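Structure first, then comments.
Since we're looking at a predicted model, the values are computed, not measured. Count residues from 1 along the sequence. Values reported hereafter were calculated over all heavy atoms of this structure, with side chains retained and with hydrogens, waters and symmetry mates removed.
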Amino acid sequence: MKIDNLWEELNFEINTCKILKKKEKDNKVLLGGGNKEADLLIVGDDPHLFEDENLRVAPNSSGTFFKNLYELVELSSENFYLTNIVKCNLKLKDLSEDEKKIYADVLDMQIALLNPKLIVTLGQETSRFLLRDQSLKISEIHGKTYNWDGGIKIIPIYDPNFLIRNTNKKKGSPKWLTW
């Protein structure tokens, strides 16, 4: 089976799964967007990072802030694929353990299809989820490289939403460390 067919099948499965659609308004579950052949996968936990497969962002959203960040380092959506752990308008913390397992399986399937060399995790919850360690603190792991399954490297960074809320720009602050 071709990879494009596997993507279509995965998309169909998540869009027809009642468990993944928590609210009536979740009429579409979004897998992600960007370049499926890129070596870089970015994984977040923010339903406002992007609005569609073209990575369109809403004005004044965390997505706009994130877009400014990656453009600052001269990246474009051709350089990465972006997805969220949760594929609907919820965050990881809103899910039951069973729902988290389902989303973990979906994300594992995405990672297998993408076969990235590097995964950048946005924020503490995403980092804990992928590194399978609930004790991790983003302030301690930010910017460090971790070995993951299949030789993939993971680098956790601060969540764009956290950076928007954290106004401190002093040396050593999350914003200072990000810029």
#### Entry: Sequence neighbours excluded - salt bridge (charged side-chain N to carboxylate O under 4.0 Å, His left out) pairs with any residue from residues 114-131
D39-K117, E125-R128

Set of residues satisfying side-chain contact (heavy atoms from CB on, under 4.5 Å) with respect to [X], sequence neighbours excluded:
X	result
E74	none
N35	E37, A38, E78
D105	M109
K137	Q124, S139, E140

Would you give the length of the straight line joining atom [atom1] of [X] to atom [atom2] of [Y], rounded to the nearest 0.5 angstrom?
X	Y	atom1	atom2	answer
L49	T83	CG	OG1	10.0 Å
I119	I111	CD1	CD1	4.0 Å
K2	L6	NZ	CG	11.5 Å
L122	L69	CG	CG	9.5 Å
D149	D108	CG	CG	7.5 Å
K153	N147	NZ	CG	3.5 Å

Backbone N/O of [Y] and side chain of [X]: donor-acceptor pair under 3.5 Å:
X	Y	result
N79	S76	yes
D133	S135	yes
D159	N161	yes
T126	T121	no

### Task
Ignoring hydrogens and angles, state whether a donor on the side chain of K87 or Q110 is under 3.5 Å from an acceptor on the partner side chain.
yes

With [X], which residues qualify under side chain to side chain donor-acceptor pair (under 3.5 Å), at least two apart?
X	answer
D4	none
E8	none
D98	none
D45	none

Sub-4.5 Å side-chain heavy-atom contact between [X] and [Y]:
X	Y	answer
K144	I155	no
L113	L10	yes
L82	S77	no

### Task
Quick one: which residue pairs count as a ring pair (Phe, Tyr, Trp, His ring centres under 6.0 Å) with a foot in residues 106-127, not counting sequence neighbours?
none

## Note on the structure
Which of I154, V43, I138 passes side-chain contact (heavy atoms from CB on, under 4.5 Å) with S127? Answer is I138

Is it the case that one hydrophobic cluster holds both [X] and [Y], taking links as side-chain heavy atoms less than 4.5 Å apart, direct or via other members?
X	Y	value
L41	I152	yes
L31	F12	no
V120	V57	no
L114	V106	yes

### Task
Search all heavy atoms of Y103 against all heavy atoms of I85 and return the closest pair with its distance.
CD2-O, 3.2 Å

### Query
Y81 vs W7 aromatic rings, parallel, tilted or perpendicular, using cut-offs 30° and 60°?
tilted

### Query
Taking only residues two or more places apart in sequence or in another chain, which ones pass ring-ring contact (aromatic ring centres under 6.0 Å, His included) with W148?
none

### Query
Any chance the rings of F50 and F66 have centres within less than 6.0 Å?
no

#### Entry: Contacts of type salt bridge (charged side-chain N to carboxylate O under 4.0 Å, His left out), residue K100, not counting sequence neighbours
E97

#### Entry: Test log, rule side chain to side chain contact (heavy atoms under 4.5 Å, CB included), inputs K91 and V86
CA-CA 6 Å; K91 288 185 158 251; V86 182; 5.9 Å; no

